[in-house]
Amino acid sequence: MSSADPPNASPDAVKHSRYTFRQLHLLRQGSTATPLRAIAHIDLDAFYAQCEMVRLGTDRDTPLAVRQWDSLIAVNYAARPSGITRMVTTAEARKLCPNIILQHVATFREGEGGRWAYRDDSFKNIRTDKVSLDPYRAESRKILKTMKEELEQWSSEAVDEEIQSLTLGLSACLEKAGIDEVYPELRQNLQDDNRDAELPPPPTTAIPWDARDSLIELDKHEREEDDPDWDDVVMQIAAEIVRSVRTAVWNQLHYTCSAGVARNKMLAKLGSACNKPNAQTIVRNRAVQFFLNGYKFTQIRMLGGKLGEQITSDFGTEQVIDLLGIPYEQLRAKLDDHTATWLYGVIRGEDRSEVNPRTQIKSMLSAKSFRPSINSVEQAEKWLHIFAADIYGRLVEDGVLENRRRPRVITLYHRVAQSRSRQIPIPGSSKIDEDLLFELAKKLLGQVVAEGQAWPCSNLSLSVSSFEDGVSKNKAIEGFLVRGDQAKVISQSTRIREIDSTSKEALPAEKKRRVDGGGIKRFFTHSPFPGDSSSALVGNESPQPADQDLTNVPSGDFEPTLSQYTCDRCSKVIPEDGREEHDDWHFAKDLELQDRQEAISIQQQSQQQTPPHSARGISTRGRGGRGRGKPERGQKRLFFQ
DNA sequence: GCGCCAACT
DNA sequence: GGAGTTGGCGC
């Protein structure tokens, strides 16, 4: 908490914010360019270790590490004071901490198909077992779901996510979370000529930071006593949202995580690592340079590898602060233009990279390294069976059975001296199953062997990639086409994702708000402003006219309730109050697919006489459409209940 | 299409 | 540091 009582509240009433209406407007649009943007990076603490703690029901202060053969791949925070790190062997770990739990990862075993299991003897079976990370993927999905649900309490915007570390795009979310409801002075309708006017100062002289947040100290020439500006307000709201997400993950699933909140991804990421475990760190804009000065630039994203090494040798330092003294021209003398420009900005806290709004996996790989190497096709094919089973299982989770998604390419990697890879298309007409994957892998192996020098092989892996979306049932397209007017508009747009988010604008305003008594509201007494949130700050520069029309998508009979339902199209469990937007998502997807299928069928008809939907699509073959938690991969059910 | 790099546990 | 994954970029 900064000191509460400001010297003189406001003798100087003409003071302005450093920010303009335009910049606030950019925030609303999710622009990466506005200094009012806030990004959070949420990172699970020693994730694999926590998964095992939850699964085994051990408590916070029982030392535990996750073992893979004779090494450790994750060490929980209770074990770290003993000096245990990931670089320690299991024997050393036991010596350092006799009571540590060393839990081996789950494995697949030769001859047991695609079923992984936790086994007491897996560490002795490096020759026949293959590591499975499925349990962690499953936990990861649960956590992501919890985070999303919590964020939906704050906003109707889509959540952007990564897998184990989660970057949340909060800019639009923040705005929706109430900034222009709590601060009506920002709701002024603007003409073109005053978008560059300064904002009024925020109606406060101290930000109500949560005492549990770690605030990075301000830059040298900044003072805590100075009045805050809108960027500080935005950060505080972001911090509050992040805290609620972290709390939800803890309450519902018992995972702790750490978070960084800052104006961009790079700073948020660095911030999230500052106070681990289980804490959040705020890097205010006025604290950025002080924050970065203490770092080696090799800790900044993209500089951890060869590029960082090269820069270190070019300039004889690893310190950000030393690099700050080097003029741009000298950076450019050693680095290519793009890199020099990026580096110059990044050490000054500038990073405009976007949060990628993506959740779907792009490839799946199953791999094994051999020590000792293997020397025959027979040996290799045993592993191909395991790889095929592993990948197939994951494809099922991803919705191949329901034709939700399917990969188009399969690749075999093979290493003797150097690594090589061979890939072939997965025939679009075929049903993907374990056998097909195995047969394709075998064919690829055949190619590799035919080229010679295939043995001794030290590494083999199989992956599928180039996923495409499919449909599960037919009903949707016609059903949704009743909304014919919108259909015309949408089908002309090529960017489905924009449709996805803008269509949500039509949701009722009540849903977007959650201003509880304790948070922002306690400080500012203006009452919320229900209703037309869409008109407030939207200027004249809307870039996608087609999208604007989508705000007319009818919102139908929206019923606020806390219950959930299972989408009959994709089997996802959706909170009831997210039904509308979920349906809209399918609607947009269907149109996209329809367009594509039309294109394909036209193409096909002109080439040969193949009926458009003959081969694949639409079938719900298999276990009567039960999407998840199928008994044959049922071990999952036993753990993590 | 393939190789390479970076990141993470 | 090794093993197992994922994603992105460049040619």
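Computed over heavy atoms, backbone and side chain alike; hydrogens, waters and symmetry mates excluded. The sequence lines fix the lettering, A, B, ..., with proteins before strands; numbering per chain opens at 1.
- Electrostatic pairing of A:Lys142 and A:Glu139 counts as a salt bridge here, judged by a charged N lying under 4.0 Å from a carboxylate O.
- Residues satisfying the salt bridge (Lys or Arg N to Asp or Glu O under 4.0 Å) criterion with A:Glu318, sequence neighbours excluded, are A:Lys296.
- The CG-C1' distance, from A:Asp390 to C:dT6, rounds to 14 Å in whole Å.
- Shown here for A:Arg263 and A:Arg348, the closest heavy-atom pair between the two residues is NH2-O, 3.6 Å.
- Under a cut-off of 6.0 angstrom, the local environment of CG in A:Asp121 is crowded, with over 12 non-hydrogen atoms contributed by other residues, nucleotides or ligands.
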Where do N or O atoms of nucleotides 1-3 of chain C meet protein N or O atoms at under 3.5 Å, pair by pair?
from, atom 1, to, atom 2, distance (Å)
C:dG1, O6, A:Arg86, O, 3.3
C:dG1, O6, A:Arg86, NE, 3.0
C:dG1, N1, A:Arg86, O, 2.7
C:dG1, N2, A:Ser71, OG, 3.3
C:dA3, O4', A:Gln68, NE2, 3.0

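- Atom-to-atom, NZ of A:Lys362 to C1' of C:dT5 comes out at 15 Å; the value is rounded to the nearest Å.
- With respect to the salt-bridge test (charged N to carboxylate O, under 4.0 angstrom), the residues A:Asp45 and A:Lys276 qualify.
- The distance from atom CZ of A:Phe123 to atom P of C:dG4 is 17 Å, rounded to the nearest whole Å.
- Contact check, A:Ser363 against C:dG7: a side-chain N or O comes under 4.0 Å of OP1 or OP2.
- For the contact set between residues 434-459 of chain A and DNA chain B, defined by any heavy atom under 4.0 Å, there are no members.
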For nucleotides 3-6 of chain B, give me every protein contact, N/O to N/O, under 3.5 Å, one pair per line with atom names.
from, atom 1, to, atom 2, distance (Å)
B:dG3, OP2, A:Ser421, N, 2.8
B:dG3, OP2, A:Ser421, OG, 2.7
B:dC5, OP1, A:Lys306, NZ, 3.0
B:dA6, OP1, A:Lys306, N, 2.7
B:dA6, OP1, A:Leu307, N, 3.2
B:dA6, OP2, A:Lys306, N, 3.0

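- Distance A:Ile300 CD1 to B:dA7 C1': 15 Å, rounded to the nearest Å.
- What you find for A:Val288 and A:Gly349 is that their closest heavy atoms are CG1-CA, 3.7 Å.
- At the heavy-atom level, A:Ser463 lies nowhere under 4.0 Å from the strands shown.
- In this structure, A:Glu378 does not pair ionically with A:Lys382, as no charged nitrogen and carboxylate oxygen lie closer than 4.0 Å.
- Atom CD in A:Glu354 sits roughly 12 Å away from atom P in C:dG8 (whole-Å rounding).
- Spacing between atom CG of A:Leu44 and atom P of B:dA7 amounts to 20 Å, rounded to whole angstrom units.
- Legend: residues meeting side-chain contact (heavy atoms from CB on, under 4.5 Å) with A:Arg332, ordered by chain and number and at least two apart, are A:Tyr328, A:Glu329, A:Asp337, A:Ala340.
- Across the protein-nucleic acid pair, A:His41 atom NE2 and B:dA7 atom P stand 12 Å apart, rounded to whole Å.
- Dashed line: the shortest gap from a side-chain N or O of A:Lys130 to OP1 or OP2 of C:dT5 is under 4.0 Å.
- Listed by chain and residue number, nothing satisfies the side chain to side chain donor-acceptor pair (under 3.5 Å) test with A:Thr85 (two or more places apart in sequence, or in another chain).
- In this structure, A:Asp398 places its CG atom 16 Å from P of C:dT5, rounding to the nearest Å.
- Classification of A:Glu52 and A:Arg55 as a salt-bridged pair holds, one side-chain N sitting under 4.0 Å from a carboxylate O.
- Comment: A:Arg137 does not engage A:Glu397 in a salt bridge, judged by the lack of any side-chain N to carboxylate O separation of less than 4.0 angstrom.
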